[in-house]
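Following: one structure in structure tokens, then a few remarks.
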Amino acid sequence: MIGLMGRVTGTVGPGLVGEVIVRVRGGAEHFLAYPASGKDRIETGTVVMIVEHLPPRTVYVTAAYDV
């Protein structure tokens with residue numbers, strides 16, 4: 001999972017449990033998401049990279065591109 005790209009489907013930020021969709025195992029799956037830095041707010045539609053995976057369905061993400 002680490003290093004895979006996904007797209008935010010529910011805002012990720014401090015105090016929020018966000019959601020991302022990631023292409024895995026020949027399909028697309030949703031994961032609960034938290035910001036890797038703990039301070040970033042990542043809006044819906046942003047492309048993110050997974051930097052940590054806590055099985056079964058939790059990931060920590062960072063924005064893939066600087067805006």
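Computed from a prediction, not measured in an experiment: that's the story for all the values here.
Legend: salt bridge (charged side-chain N to carboxylate O under 4.0 Å, His left out) pairs involving residues 44-60, not counting sequence neighbours, sorted by first then second residue: E29-R57. Pairs of residues two or more places apart, or lying in two chains, that qualify as side chain to side chain donor-acceptor pair (under 3.5 Å) and include a residue from residues 35-44 are S37-D40, R41-E43.
Transitive grouping of hydrophobic side chains (ILVMFWY, heavy atoms separated by less than 4.5 Å) brings V20 and L4 into a common cluster. A chain of hydrophobic side-chain contacts below 4.5 Å, direct or via other Ile, Leu, Val, Met, Phe, Trp or Tyr residues, connects V61 to M1. Hydrophobic clustering (ILVMFWY, side-chain heavy atoms < 4.5 Å, transitive): L54 and L32 are in one cluster. In this structure, Y34 is not a member of the same hydrophobic cluster as V59, with clusters built from ILVMFWY side-chain heavy atoms closer than 4.5 Å.
When the salt bridge (Lys or Arg N to Asp or Glu O under 4.0 Å) test is applied to R23, no partner is found at least two apart in sequence or on another chain. Residues that satisfy the side chain to side chain contact (heavy atoms under 4.5 Å, CB included) test with V51, not counting sequence neighbours, are A36, M49, Y60, T62.
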Contacts table for residues 5-13: side-chain donor-acceptor under 3.5 angstrom, sequence neighbours left out:
unit_1, atom_1, unit_2, atom_2, d
R7, NH1, G45, O, 2.6
T9, OG1, E19, O, 3.3
T9, OG1, E19, OE1, 2.9

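In this structure, T58 and F31 have side chains that are not in contact, with every pair of non-hydrogen atoms separated by 4.5 Å or more.
Shown here for P14 and P35, the closest heavy-atom pair between the two residues is N-CG, 4.2 Å.
Members clustered with I2: none, using a 4.5 Å side-chain heavy-atom cutoff among hydrophobic residues.
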